[in-house]
Colleague: 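Before anything else, here's the structure in question.
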Amino acid sequence: MSNTPRADHPAGKRRTADQSAIPRVAILLLAAGRAARMGPTGGHKLLAEFDGIPLVRRMAAVALGSNAAAVILVTGHRRTEIETAVTGLNLEMVENPHYLPGMASSLVAGVSYLEDRQIDGALVMLADMPGLLSSHLNQLIATFQLSGQECIVRAAYQGRPGNPVILPTSLNRQILQLKGDIGARQIIENASLPVIQVEIGEAALLDLDTPEAVKGAGGIIKY
């Protein structure tokens with residue numbers, strides 16, 4: 001049995017305003033990509049079911065169960081189906097109509113959405129990482145807080161950097177200039193900020209890019 005919260009579990013409900021974490025970290029849950037490595041008939045990995053729950057809904061519940069101040073779901077490819085899969089969850093939705101070139105456009109869409117918000121950092125979370133738990137996200141958020149917020153906090157496994165990653169708002173200008181199929185790695189490499197790695201176990205490296213990976217992780221692909 002999975003120890004990840006069910007989508008209708010209390011962990012999937014948003015925190016009230018007086019419970020908001022300090023500093024204010026917003027989660028950007030990226031779910032806009034085409035999942036090209038799934039193949040032409042491989043189905044959409046984020047709609048694959050784990051314990052009867054679509055993966056994107058499962059990961060949204062994990063994000064909502066954390067100490068983040070807000071959870072923003074960035075959609076693009078098969079947007080209607082993705083949004084239907086998370087019906088009833090208290091998410092904020094951002095559409096990325098320019099998702100075809102790759103992940104950079106989703107980061108830009110998410111960070112642009114947050115620009116007028118009182119947010120200290122964005123936790124960038126991929127929606128295809130089924131090993132992540134709310135407690136992992138809280139470890140990252142707590143480290144960001146204790147480190148003074150002017151740092152990059154990254155999940156790791158046995159010293160190997162993985163995901164998610166928290167980027168402080170001081171990096172927004174660089175993020176908004178990203179293009180193509182690149183994520184936060186370029187920002188991390190070029191930033192003149194300390195990078196703090198937080199060991200969260202194998203979940204930091206487990207993402208699902210192929211039908212074999214989805215099935216191997218216990219998912220049932222929906223076509």
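Since this is a predicted model, take the numbers as computed values, not measurements.
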Colleague: So, the side chain of R57 versus the backbone of A85: is there a donor-acceptor pair under 3.5 Å, distance only?
Modeller: yes

Colleague: Any side-chain heavy atom of N190 within less than 4.5 Å of one from Q174?
Modeller: no

Colleague: Taking transitive links into account, so neighbours of neighbours count too, which hydrophobic residues share a cluster with I220 at under 4.5 Å side-chain distance?
Modeller: none

Colleague: Of all the heavy-atom pairs spanning H136 and G131, show the shortest one and how long it is.
Modeller: CE1-O, 3.6 Å

Colleague: Restricting to side-chain hydrogen bond (donor to acceptor under 3.5 Å, both in side chains), what partner residues turn up for E81, sequence neighbours left out?
Modeller: R78

Colleague: Donor-acceptor pairs under 3.5 angstrom involving side-chain atoms of residues 151-166: please list them, not counting sequence neighbours.
Modeller:
from: R154; atom 1: NE; to: G162; atom 2: O; distance (Å): 2.8
from: Y157; atom 1: OH; to: E202; atom 2: OE2; distance (Å): 3.4

Colleague: Honestly curious: do V198 and L205 fall in one hydrophobic cluster under the side-chain, below-4.5 Å linking rule?
Modeller: no

Colleague: Say you draw a straight line from CD1 of I27 to CG of L114; how long is it, rounded to the nearest 0.5 Å?
Modeller: 11.5 Å

Colleague: Do other residues, nucleotides or ligands put more than 12 heavy atoms under 6.0 Å from the CD atom of E115?
Modeller: yes

Colleague: What is the minimum heavy-atom distance between N67 and N138, and which atoms define it?
Modeller: N-OD1, 2.7 Å

Colleague: Could you go through V25 and I119, starting from their C-alpha distance and side-chain angles, then the distance that decides it, and tell me whether this counts as side-chain contact (heavy atoms from CB on, under 4.5 Å)?
Modeller: CA-CA 6 Å; V25 172; I119 295 297; 5.9 Å; no

Colleague: Taking only residues two or more places apart in sequence, or in another chain, which ones meet N96 in a side-chain contact (heavy atoms from CB on, under 4.5 Å)?
Modeller: A32, V74, H98, Y99, S105, S106, A109

Colleague: What residues, two or more places apart in sequence or in another chain, satisfy side-chain contact (heavy atoms from CB on, under 4.5 Å) together with A31?
Modeller: L46, V56, L73, I82, A127

Colleague: Nearest 0.5 Å, what's the CG-CG distance between N172 and L167?
Modeller: 8.5 Å

Colleague: Atom NZ in K179, atom CG in L107: separation rounded to 0.5 Å?
Modeller: 13.5 Å

Colleague: Decide yes or no on side-chain contact (heavy atoms from CB on, under 4.5 Å) for I221 and K45, but give the supporting numbers first.
Modeller: CA-CA 7 Å; I221 299 173; K45 60 183 177 181; over 6 Å; no

Colleague: Side chains of I200 and Q139: closer than 4.5 Å at any heavy-atom pair?
Modeller: yes

Colleague: Under 4.0 Å between a side-chain nitrogen and a carboxylate oxygen: does that hold for R24 and D120?
Modeller: no

Colleague: Find the distance between CG (L208) and CZ (F50) and round it off to the nearest 0.5 Å.
Modeller: 5.0 Å

Colleague: To the nearest 0.5 Å, what is the distance between CG on L193 and CG on L171?
Modeller: 5.0 Å

Colleague: Looking at S66 and A63, would you say the former's side chain and the latter's main chain have a donor-acceptor pair under 3.5 Å?
Modeller: yes

Colleague: To the nearest 0.5 Å, tell me how far I187 CD1 sits from R173 CZ.
Modeller: 12.5 Å

Colleague: When you compare the side chain of I72 with that of L29, does any pair of heavy atoms fall below 4.5 Å?
Modeller: no

Colleague: Taking all non-hydrogen atoms of both residues into account, name the closest pair between M59 and M129 and its distance.
Modeller: CE-O, 2.9 Å

Colleague: Where do L133 and V62 come nearest, in terms of heavy atoms and distance?
Modeller: C-CG1, 3.4 Å

Colleague: Between M103 and L100, is there shared hydrophobic-cluster membership here, with clusters defined by ILVMFWY side-chain heavy atoms closer than 4.5 Å?
Modeller: no

Colleague: Holding to side-chain contact (heavy atoms from CB on, under 4.5 Å), I want the full list of residues that pass it with E49, two or more places apart in sequence or in another chain.
Modeller: K222

Colleague: Mark yes or no for whether T169, through its side chain, and G121, through its backbone, hold a donor-acceptor pair below 3.5 Å.
Modeller: no

Colleague: Is any side-chain heavy atom of P168 less than 4.5 Å from a side-chain heavy atom of Q149?
Modeller: no

Colleague: Testing the basics here: between T87 and T84, what is the closest heavy-atom pair and its distance to 0.1 Å?
Modeller: OG1-O, 2.8 Å

